[in-house]
Protein chains: 2
Amino acid sequence: MAAGGTGSADTASRILDAAERLVQVRGFNGFSYADVASELTITKAALHYHFASKADLGAALITRYAERFSQALAEVDAATDAAGTVPAAPAKLAAYARLYVEVLRSSRMCLCGMLAAEYPTLPEPMQVAVLGFFDDNEKWLQGVLEQGRTDGSLRFAGSSLDTARVIISSLEGAMLVARPYADVSRLQAAADRMLAGLISTSNTV
Amino acid sequence: MAAGGTGSADTASRILDAAERLVQVRGFNGFSYADVASELTITKAALHYHFASKADLGAALITRYAERFSQALAEVDAATDAAGTVPAAPAKLAAYARLYVEVLRSSRMCLCGMLAAEYPTLPEPMQVAVLGFFDDNEKWLQGVLEQGRTDGSLRFAGSSLDTARVIISSLEGAMLVARPYADVSRLQAAADRMLAGLISTSNTV
DNA sequence: GTCTATAGGCAGATAGAC
DNA sequence: GTCTATCTGCCTATAGAC
């Protein structure tokens with residue numbers, strides 16, 4: 001658990017990296033400890049030393065993913081504000097959509113989008129963590145939407161909560177369907193339309 | 001394979017019913033022959049008589065689902081036209097969205113939405129069939145969109161193809177995210193917004 | 001921390017009786 | 001068509017040596 005300092009990433013992190021990729025590509029029910037072990041050229045027993053059960057590994061996966069996503073959103077806030085981008089809200093939404101596009105570019109599904117599909121089969125701690133991820137996204141988007149509505153850069157009907165949910169689900173859905181076609185442009189097109197529908201200047205067709 | 005005529009649905013159909021539900025709830029990698037067998041109180045061996053391999057069962061599942069969906073769309077066309085609904089296109093889109101809502105009401109994911117998540121792990125014949133399902137939906141929606149654009153009842157930017165894809169992916173995504181929350185209204189809200197954004201009268205915010 | 005070895009169970013699938 | 005019995009292989013997980 002402690003930082004090794006030997007130069008190479010510690011084993012726990014490398015396990016999480018490999019498992020994360022496997023879950024995003026094949027799903028939680030579509031990979032095994034043996035898959036991770038063979039990828040890292042260690043044994044299954046070593047894996048169990050770091051993560052006693054698959055449920056533990058899965059929960060750790062979501063925790064790390066959610067933390068990183070949260071950091072990415074904080075960086076979007078910081079970068080947009082530092083650049084003095086005016087208006088800020090549309091730029092933030094565009095950056096948000098870019099996060100999804102980047103994930104799909106590596107032929108992966110969003111980790112929590114994948115786990116949402118498998119939700120009824122997941123151990124309860126994982127279920128809780130998945131909902132937490134979506135709740136965090138929703139909250140951040142709500143803030144951006146309120147900001148944009150206030151400064152007039154965004155225009156949308158209904159509540160910022162409902163709008164935030166539509167943004168999340170339309171991006172998750174576009175990833176879900178685009179991936180089998182190995183066609184990132186399908187997601188890109190959906191993201192562009194979503195943004196166009198929210199930005200004030202292009203709101204009137 | 002032939003119709004029994006004994007009064008009860010034939011075994012193959014009952015197997016497909018149970019397996020379909022299991023895939024929609026738990027995913028193709030989240031259920032086993034044993035699950036289906038115990039649900040129908042028959043043995044795994046009997047299952048293998050009707051569907052030699054799990055891949056065969058999976059392919060049959062998609063074929064039947066796609067056929068039924070296709071029939072449902074034909075019925076939407078027929079019912080809307082028979083009712084003399086004017087304009088027809090918005091009514092057809094609303095009926096299309098209703099199909100998704102009804103699936104989620106039974107706590108299920110769209111069969112092909114679920115399989116899209118598991119896509120890389122599926123046997124190739126199943127992969128082909130999943131894409132076929134989405135292609136069919138796309139084609140039908142494109143027709144409705146063209147109809148609506150022609151008679152002025154629908155208004156949308158860009159191609160009917162891109163718009164059809166956005167409709168599919170936003171509904172699939174809304175299902176995906178709404179199900180873990182056990183909240184059909186999340187899908188309903190997404191569907192309502194999607195429709196509102198396409199219908200001419202409400203297009204100007 | 002990583003290994004070998006193994007437990008105990010369930011997966012998909014087959015053989016052959018009825 | 002459905003059964004019992006069984007095969008083979010993989011799964012998650014643990015015990016104990018190094």
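A sub-4.0 Å separation between OP1 or OP2 of C/dG1 and a side-chain N or O of A/Thr11 is absent. Between A/Ser53 and D/dT12, a side-chain N or O to OP1/OP2 separation shorter than 4.0 Å is absent.
If you take CG on B/Leu40 and CG on B/Leu47, they are separated by 7.0 Å, rounding to the nearest 0.5 Å.
Looking at the side chain of B/Ala45, the nearest of the listed nucleotides D/dC11, C/dG1, D/dC3 is D/dC3. The B/Tyr49 side chain lies nearest to D/dG1 when the options are C/dA13, C/dC3, D/dG1. With distances taken from any side-chain atom of B/Ala46 to the nucleotides D/dC3, C/dC3, C/dA13, the minimum falls on D/dC3. Here the side chain of B/Ser32 is nearest to one of D/dG1, C/dA13, C/dA11, namely C/dA11. The side chain of B/His48 lies closest to C/dT14 when the candidates are C/dT2, C/dT14, D/dC3. For B/Ala34, the side-chain atoms get nearest to C/dA11 when compared with the rest of D/dA13, C/dA11, C/dA13.
Annotation for A/Thr43 and A/Ala37: closest pair C-CB, 3.9 Å, computed over non-hydrogen atoms. Nearest approach of A/Met175 to A/Arg108, heavy atoms of both residues: CE-O, 3.6 Å. Closest approach of B/Tyr65 and B/Glu20 over heavy atoms only: CD1-OE2, 3.5 Å.
Looking at B/Glu172 and A/Arg186, no side-chain N of the basic residue comes within less than 4.0 Å of a carboxylate O on the acidic one, giving no salt bridge.
At whole-Å resolution of the value, CG in A/Leu22 and P in D/dC11 are 12 Å apart. The CG-C1' distance, from A/Leu40 to C/dG1, rounds to 14 Å in whole Å. Regarding B/Asp10, its CG atom lies at a distance of 9 Å from the P atom of D/dG1, rounded to whole Å. In this structure, A/Phe28 places its CZ atom 11 Å from C1' of D/dT12, rounding to the nearest Å. Distance CG (B/Asp56) to P (C/dT14): 10 Å, rounded to an integer number of Å. One can place CG of A/Leu47 at 15 Å from C1' of C/dT4, the figure rounded to the nearest angstrom. Summarising the geometry, the separation between NE2 on A/His50 and P on D/dT12 is reported as 17 Å, rounded to the nearest angstrom. Computed from coordinates, the A/Lys54 NZ to D/dT14 C1' distance equals 18 Å when rounded to whole Å.
When each of B/Lys44 and A/Ala55 is assigned the nucleotide of DNA chain D with its nearest heavy atom, B/Lys44 is the one assigned upstream, toward the 5' end.
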